[in-house]
Number of protein chains: 2
Amino acid sequence: MTVPNSRSAAARPDVRASPPRLAAVASPLYLREDEIRRGIELLYFGYTSMVRGADAILAREGFGRAHHRALYFIARRPGMAVGDLLRLLAITKQSLGRVLTELQGKGLVEQSIGTTDRRQRLLRLTKSGESLEAALFAELETGMAAAYGEAGQSAVTGFWSVLIGLIPAADRALVEGLRQR
Amino acid sequence: MTVPNSRSAAARPDVRASPPRLAAVASPLYLREDEIRRGIELLYFGYTSMVRGADAILAREGFGRAHHRALYFIARRPGMAVGDLLRLLAITKQSLGRVLTELQGKGLVEQSIGTTDRRQRLLRLTKSGESLEAALFAELETGMAAAYGEAGQSAVTGFWSVLIGLIPAADRALVEGLRQR
DNA sequence: CAAGATATGTCAACATGACTGTCCCAAATT
DNA sequence: AATTTGGGACAGTCATGTTGACATATCTTG
């Protein structure tokens, strides 16, 4: 037997034509392949559309998307330690090291020694780092605010909850830890 | 004046604490920065969580994510011409060329000459290409179906509509053209 | 206090998948 | 007949990820 081909399961009912009668359906048996593929595609195109907006600004400064991600999270959680950023980005320290060295070299990021643990290096943006991050954020914000506005508040809640469901449970605390306190 | 820093606008009302009184609010003035950032972050982590699941399978076959994207779209629209795939992926033909050459070399993709326009090369998966794509799809499906199931059907609708809003209007027809007809 | 674990940094080599620029051929369009 | 379009190829470069090895400072634990 070869790898199972879920595409051959053709006769499942369409949930949009006949929604499930029971609230809080546990088993998603009613989901058709086309709906899964639509989610995959929209997630791909939505994500790439979002990040593409910032590329022109980044290119002007001689940076790439890796620099953007570092700037973004340092802006979001000033004083974050290197190890925390490493876990968020899920890359190797060598990869992050290069990016941080470049950002520090151009005076956008600075480090300080951890207060409770002196081995830690706490990261924050300099004034010019904040300016660049703000410009990049403004790019993303434009698209995201328009999408939120078009879709409406309840759609936004649904958008969030599906995305949270995509993140492995073990990683969710990491993401939730970014929120405003 | 430097680049505007939207993070300094601190006193906007929290929509979750006091939702807008008017239905179908046209101007998203009520959106706070934290809600925008939450969308950015969930989109980033949701997207990376989704694609990471397929990496192990790809690595076993000696392929990367670029091959996965090509396989995915060829599976989705068999008979698609090279140029259509190029427009979907928004990469250069040199980049796509390498990927397609490798996929053809390993016997996963085959070409045929266009019927109405003989310059075109129409792409389809071979039997073994279909097997691999099915295995990759099954990986993504697992996560997506679980997320849909947890969130519920109305959340899924919201998820879709926000993502569509993120895609520039000019590109939406391309994405919608992938759906089942 | 000594030993081990942890946080961080660095050097080196390499792989993937983008990019630009250039040139080519065949087929369609004008 | 001339031009445009669809596809392919060669060459070089860049951004960003990877392994592996090793060093240093600091914290934790027996």
Side-chain angles (χ1 to χ4, degrees), chain A residues 44 47-48 51-52 54-74 79-106 109-124, chain B residues 44 47-48 51-52 54-74 79-106 109-124:
Chain A
Y44 168 69
Y47 175 74
T48 59
V51 299
R52 220 185 298 274
D55 286 349
I57 298 173
L58 289 164
R60 260 204 305 281
E61 310 284 332
F63 293 127
R65 290 179 184 176
H67 303 89
H68 186 184
R69 290 193 285 271
L71 281 174
Y72 179 92
F73 289 116
I74 296 170
M80 169 182 271
V82 171
D84 296 339
L85 186 51
L86 227 32
R87 276 180 287 276
L88 263 183
L89 295 174
I91 58 176
T92 58
K93 66 175 175 176
Q94 292 89 333
S95 294
L96 179 58
R98 182 177 33 222
V99 168
L100 286 181
T101 300
E102 287 165 10
L103 289 172
Q104 286 169 348
K106 294 208 187 174
V109 167
E110 57 190 8
Q111 287 187 341
S112 60
I113 292 182
T115 48
T116 62
D117 185 340
R118 290 172 47 80
R119 291 170 304 180
Q120 291 185 328
R121 296 296 176 268
L122 308 185
L123 301 165
R124 30 188 94 249
Chain B
Y44 168 69
Y47 175 74
T48 59
V51 298
R52 220 184 298 275
D55 286 349
I57 299 174
L58 289 165
R60 259 203 306 280
E61 309 283 332
F63 294 127
R65 290 179 184 176
H67 302 89
H68 187 184
R69 288 193 286 272
L71 281 175
Y72 179 93
F73 288 117
I74 296 170
M80 169 182 269
V82 170
D84 296 338
L85 187 51
L86 226 34
R87 276 180 288 276
L88 262 184
L89 295 174
I91 59 176
T92 57
K93 66 175 177 175
Q94 292 89 335
S95 295
L96 179 58
R98 178 167 8 102
V99 168
L100 286 181
T101 300
E102 287 165 11
L103 289 173
Q104 285 168 352
K106 294 210 188 177
V109 167
E110 56 189 8
Q111 288 188 340
S112 59
I113 292 182
T115 47
T116 61
D117 184 338
R118 290 174 46 81
R119 291 170 306 179
Q120 290 184 329
R121 296 295 174 269
L122 308 185
L123 300 165
R124 29 188 97 248

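Below, all heavy atoms of this structure are taken into account, side chains as well, without hydrogens, waters or symmetry copies. Just so it is clear: chains get the letters A, B, ... in the order the sequence lines come, proteins before strands, and each one is counted from 1.
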Notebook entry, point to check: Does some side-chain heavy atom of B:Ile113 sit less than 4.5 Å from a side-chain heavy atom of B:Leu122?
Noted result: no
Item checked: By salt bridge (Lys or Arg N to Asp or Glu O under 4.0 Å) - contacts of B:Arg119 (at least two apart) -> B:Asp117
Checklist line | Per A:Arg118 side chain, nearest of listed nucleotides D:dC27, C:dA18, C:dA28 | finding: D:dC27
Checklist line | Full working for side-chain contact (heavy atoms from CB on, under 4.5 Å) between A:Glu110 and A:Gln104 | finding: CA-CA 6 Å; A:Glu110 57 190 8; A:Gln104 286 169 348; over 6 Å; no
Compile the donor-acceptor pairs under 3.5 Å between side chains in residues 95-102 of chain B and protein atoms, sequence neighbours left out, one pair per line.
residue  : atom : partner : partner atom : Å
B:Ser95  : OG   : B:Thr92 : OG1          : 3.1
B:Thr101 : OG1  : B:Gly97 : O            : 2.7
B:Glu102 : OE1  : B:His67 : NE2          : 2.5

Item checked: Within-4.5 Å side-chain heavy-atom neighbours: B:Gln120 and B:Thr115 -> no
Item checked: Interatomic distance where CZ belongs to B:Arg119 and C1' belongs to C:dA28 [whole Å] -> 4 Å
Notebook entry, point to check: Taking for each residue the nucleotide of DNA chain D with the nearest heavy atom, is it A:Thr92 or A:Thr116 whose nucleotide lies nearer the 5' end?
Noted result: A:Thr92
Notebook entry, point to check: How would you list, by chain and number, every residue that makes a side-chain hydrogen bond (donor to acceptor under 3.5 Å, both in side chains) with B:Arg52, sequence neighbours excluded?
Noted result: none
Item checked: Options D:dT26, D:dT4, D:dT16, nucleotide nearest the side-chain atoms of A:His67 -> D:dT16
Item checked: Interatomic distance, B:Gln120 CD vs C:dA28 C1' [rounded to whole Å] -> 11 Å
Checklist line | Strand-adjacent residues in residues 54-66 of chain A, judged by heavy atoms under 4.0 Å from DNA chain C | finding: none
Next item on the list: Please list all pairs passing the salt bridge (charged side-chain N to carboxylate O under 4.0 Å, His left out) test where one or both residues lie in residues 82-96 of chain B, with sequence neighbours left out.
Entry: B:Asp84-B:Arg87
With the criterion being N/O to N/O and under 3.5 Å, what pairs connect the protein with nucleotides 8-12 of chain D, and how long is each?
residue : atom : partner  : partner atom : Å
D:dG8   : OP1  : B:Gln111 : OE1          : 3.2
D:dG8   : OP1  : B:Gln111 : NE2          : 2.7
D:dG8   : N7   : B:Lys93  : NZ           : 3.0
D:dG8   : O6   : B:Lys93  : NZ           : 2.4

Item checked: Listed partners of A:Arg118 passing side-chain hydrogen bond (donor to acceptor under 3.5 Å, both in side chains), at least two apart -> none
Item checked: Minimum-distance nucleotide (side-chain atoms of A:Arg69 versus C:dA26, D:dC27, D:dG17) -> D:dG17
Checklist line | Over all atoms of both residues, closest heavy-atom pair of B:Phe73 and B:Met80 | finding: O-SD, 4.2 Å
Check: What salt bridge (charged side-chain N to carboxylate O under 4.0 Å, His left out) pairs are there with at least one residue in residues 56-72 of chain B, not counting sequence neighbours?
Finding: B:Asp55-B:Arg65
Check: In whole angstroms, how far is the C1' atom of D:dT18 from the CD1 atom of A:Ile91?
Finding: 11 Å
Margin query: Output the rounded distance in Å from CD (A:Glu102) to P (D:dG17).
Written below: 11 Å
Item checked: ring pair (Phe, Tyr, Trp, His ring centres under 6.0 Å) involving A:Tyr72 - partner list, sequence neighbours excluded -> none
Note to self: If the helix axis at each end comes from five base pairs, how far does the helix from C:dC1-D:dG30 to C:dT30-D:dA1 deviate from straight, to 10°?
What the structure shows: 30°
